[in-house]
**Student:** 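One structure, pasted below without further comment.
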Amino acid sequence: MAQFFFGAARQRWAGLALLGVVLAWAAPAAAQTRPGPPTARYWVTLRDKTGVAFDPGTYFAPAAQARRARQHLPAAEATDWPVRPDYLAPIRAGVDTVTLVSRWFNAVAVRATASQAAALRQLPGVAAVALWPLPERAAGGLAAKAGKPRNFSTSPPALNTNDLLLARRQVAHLGGPALARAGLEGQGIKIAVFDVGFEGLPQHAAFARLVQQGRIKATHDFLRNGPDVFRHGSHGTEVMGCLAGYLPGGAALGLAPAADYYLARTERQRRETMGEEEAWLAAAEWADRLGVDVINSSLAYTEQRYFPEQMDGRRSLIARAANLAARKGMLVVSAAGNDGDDDWVRIGTPADADSALAIGGLDPETGLHVEFSSVGPTADRRLKPNLSAFGIVVSTVPGGGYERLEGTSFAAPLVAGLAACAWQRQRGLTAMQLFRALEQSAELYPYFDYAHGYGRPQSSFFMQEATTVAAALAAGAPAGAVGQPTFDFVAHDSLVAVVLRPEAALRPAQALPLLAELPEAALIAVAPESEAGRLPSTPATPAAAPTPAPVGKEKPAAPSLKPNPTPPEQVLQVPSLPSPQPPITFIPEPDFPPYLYWAIADRRGTLRRYEARAVSQRLVVQVPRRLLRGGDVLRVHFKGFTATYAE
């Protein structure tokens, strides 16, 4: 037994000795692989720019200098100067990573440990170091709502008649044919598009003219710091279709096919990080330097980062950047968001920025707010969205195809294209004058609500003489009734009724001419020998589509034409120009029935309730007078006439 015990003990000690050797060998390796202190994002604000040398003539492109001079802006201001190198150098040396250096905010975004952040606060050039951002909400919902990735190797059926009709109407509802006849297609206007990626764009026949004429002036991926934006996602390709794309028959899908374009990748396909807001700011500074006139931002950040009460245009970095971009003479057009039918409901950022033109979505079948489009107001009760356009469109997709898509991501570029044409015609306007002019041109102005804003902007406003437009801007919003009266307020003991005037309630019959003489711009090609070649007398309502994903992550409403998959290597190749496809069929302009819009606003102008109502009789609305006490007012709009009733 003793020998047995001794043998067991000897084996035990041998095992312990071996374990000790293993632990001794593993300890250095563990020490090498043990993770260091966790890092976090910090926003480092610098004290000043004293003594910085800066020459705006060499920093800004000639187009940027001309834009500032045209808008009577200074050649440069303090926000344009670079940060002080002697402040920046110790920051770079003292943190893990510098992710952004911003001239506009005189700040540096970094990744650092808590001890590194504490050391930064002791540097002489540092004014403040703050967690960037403050504790966030949980991310992940955005990618979950985006749906499965699309397979571009399959070939869906051809565009049908309703798709072709929609493609025509999405341009016509903003006056595109009239602008084209006047030679206004965005020539000379520089448009920057900030998006997730532009996969398949160089090879797509819809952009053949854009590529052949060299009107993609610059590209940059601000997430990977390189020039290639033609991969990592296709949402930008879809957005570009609503600005500069063409159908195979030659009909335009957007209003600014002749503009110059600057493509920036600022958004990731599946992940939401604060780095995207930094990328947006960097892209805005880049666009400013290159002389961009219009920024289209079909992106919106909401519950993945913020709470509803933070949508005030001052909280998010991207909203503050949008306001600065406007101050430097650029018009920022932003999608309102796709949360109108979910728990978030309200607009996202940067659409909440005071100087960002927020665009809501309209249903092409009715001309009214489409249910997924986010609504206002902002958290501080300002009007949003500002304007509306079709939120269901036909646009380009990788592989050379076209699809019906939905989302305010596509309403925004339609309005951005109109803005480019308007600025081409009224070149003397400043960015904010153009902002106000677009609002004043809208069909509901001065009436507004939180679903439509001021409604659809109208190109006819900008076809007037420059002096007329300037006078309208100088006059501002009228205080009293506007337009030719179409209704009356009739007060009873307990109700206020809105009654249409007999002459405004007529439904005139439409007499067809023997031959309709429509300009070439009003024609589209219809594919022969198919269902698409037979136009119904009344366009059929398209099948209901899935709820769109958040802005920047939309998916198609229905599959459509897509001939070939995108080549794996995205290089800037020149595609062949589209060839016409007979026969040609006349397509009518959008002709929506008249709606009566009414709202109740408090003494501060905040809307308590609002509605758009179809008109089937002259007595349209009856409002209890008790709702109009305490300074509240009733506002009504019908057929171009807006009036207010107050007790």
Side-chain angles (χ1 to χ4, degrees), residues 146-147 149-154 156 159 163 167 170 191-212 215-221 223 227-248 252-257 259-270 283 296-299 335 393-414 416-417 548-549 551-557 559-575 578:
R150 281 179 276 165
N151 181 5
F152 290 112
S153 64
T154 59
L159 291 170
D163 293 332
Q170 70 192 44
I191 303 176
V193 181
F194 298 173
D195 220 288
V196 72
F198 302 85
E199 181 182 346
L201 186 150
Q203 297 82 19
H204 203 301
F207 303 107
R209 303 178 198 184
L210 186 71
V211 174
Q212 286 185 353
R215 286 186 288 102
I216 299 179
K217 297 297 185 181
T219 63
H220 195 80
D221 183 338
L223 297 171
D228 185 7
V229 299
F230 301 114
R231 60 181 72 236
H232 306 303
S234 62
H235 187 265
T237 306
E238 298 161 2
V239 168
M240 277 293 292
C242 294
L243 278 162
Y246 286 94
L247 282 171
L253 291 169
L255 282 79
D260 295 330
Y261 286 92
Y262 298 74
L263 309 183
R265 179 173 178 256
T266 64
E267 174 86 353
R268 287 184 170 87
Q269 180 75 19
R270 291 292 178 188
N296 182 85
S297 177
S298 290
L299 309 165
V393 301
V394 170
S395 194
T396 49
V397 295
Y402 302 83
E403 288 186 358
R404 182 182 286 247
L405 304 166
E406 58 181 34
T408 57
S409 280
F410 312 113
L414 290 174
V551 173
K553 312 287 181 160
E554 290 93 345
K555 52 187 176 181
S560 267
L561 176 66
K562 189 185 309 98
N564 298 307
T566 305
E569 189 64 31
Q570 296 291 328
V571 295
L572 195 61
Q573 301 171 347
V574 180

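Side chains included, hydrogens not; waters and symmetry mates left out as well; all remaining heavy atoms used.
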**Student:** Give a yes or no answer on whether the side chain of Ser298 reaches the backbone of Ala335 with a donor-acceptor pair at less than 3.5 Å.
**Tutor:**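 A pair under 3.5 Å: no.
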**Student:** Are the side chain of Arg265 and the backbone N or O of Gly197 linked by a donor-acceptor pair below 3.5 Å?
**Tutor:**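 Not a single qualifying donor-acceptor pair exists.
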**Student:** Supply the atom-to-atom distance Leu243 CG to Glu238 CD, rounded to the nearest 0.5 angstrom.
**Tutor:** 13.0 Å
**Student:** For Ala256 and Ala244, which heavy atoms make the closest approach, and how far apart are they?
**Tutor:**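 Closest pair (atom of Ala256, atom of Ala244, distance): O-CB, 4.1 Å.
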**Student:** How far apart are the closest heavy atoms of Asn296 and Ala412, and which atoms are they?
**Tutor:** OD1-C, 3.3 Å
**Student:** About how many Å separate OG1 of Thr219 and OH of Tyr261, when rounded to the nearest 0.5 Å?
**Tutor:**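 With rounding to 0.5 Å, OH (Tyr261) is 15.5 Å from OG1 (Thr219).
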**Student:** Determine whether a donor-acceptor pair (N or O, by modelled atom type, separation under 3.5 Å) exists between the side chain of Arg215 and the backbone of Pro257.
**Tutor:** yes
**Student:** Can a donor-acceptor pair be found, under 3.5 Å and without considering hydrogens, that links the side chain of Glu199 to the backbone of Pro398?
**Tutor:**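 No, because the side chain of Glu199 does not come within donor-acceptor range (under 3.5 Å) of the backbone of Pro398.
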**Student:** Heavy atoms only: give me the nearest Asp221-His232 pair and the separation to one decimal.
**Tutor:** OD2-CD2, 3.9 Å
**Student:** Should Tyr262 and Val193 count as side-chain neighbours, where that means a heavy-atom distance under 4.5 Å?
**Tutor:** no
**Student:** Yes or no on side-chain contact (heavy atoms from CB on, under 4.5 Å) for Val196 and Leu299, after CA distance, side-chain angles and deciding distance?
**Tutor:** CA-CA 9 Å; Val196 72; Leu299 309 165; 5.6 Å; no
**Student:** What heavy-atom pair brings Phe207 and Gly241 nearest, and what distance separates the two atoms?
**Tutor:**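 Taking Phe207 first and Gly241 second, the nearest heavy atoms are CZ-N, 3.6 Å.
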**Student:** Can you name the side chain to side chain contact (heavy atoms under 4.5 Å, CB included) partners of Ser395, sequence neighbours left out?
**Tutor:**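 Listed in chain order: Cys242, Val393, Leu405.
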**Student:** Short question: side chain of Thr396, backbone of Thr237 - any donor-acceptor pair under 3.5 Å?
**Tutor:** yes
**Student:** Before we go on, tell me: are the rings of Tyr246 and His204 under 6.0 Å apart, centre to centre?
**Tutor:**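 Judged by ring-centre distance (under 6.0 Å), Tyr246 and His204 do not meet the cut-off.
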**Student:** Can you tell if the side chain of Phe198 reaches within under 4.5 Å of the side chain of Ser234, non-hydrogen atoms only?
**Tutor:**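 No. Closest side-chain heavy atoms not under 4.5 Å.
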**Student:** Which of these passes side chain to side chain contact (heavy atoms under 4.5 Å, CB included) with Leu263: Asp195, Ile191, Val229?
**Tutor:**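 Exactly one pass, corresponding to Val229.
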**Student:** Could you walk me through whether Val394 and Gln170 pass side-chain contact (heavy atoms from CB on, under 4.5 Å), step by step?
**Tutor:** CA-CA 8 Å; Val394 170; Gln170 70 192 44; 4.1 Å; yes
**Student:** Once you round to the nearest 0.5 Å, how far does CZ of Phe410 lie from CZ of Arg404?
**Tutor:**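 Rounded to the nearest 0.5 Å, the CZ-CZ separation comes to 13.0 Å.
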**Student:** Identify the heavy atoms of Leu210 and Ala259 that sit nearest to each other, and give their distance.
**Tutor:**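 Here Leu210 and Ala259 meet closest at CD1-O, 4.1 Å.
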**Student:** Can you give me the closest heavy-atom contact between Leu253 and Ala167, atom names plus distance?
**Tutor:** CD2-CB, 3.8 Å
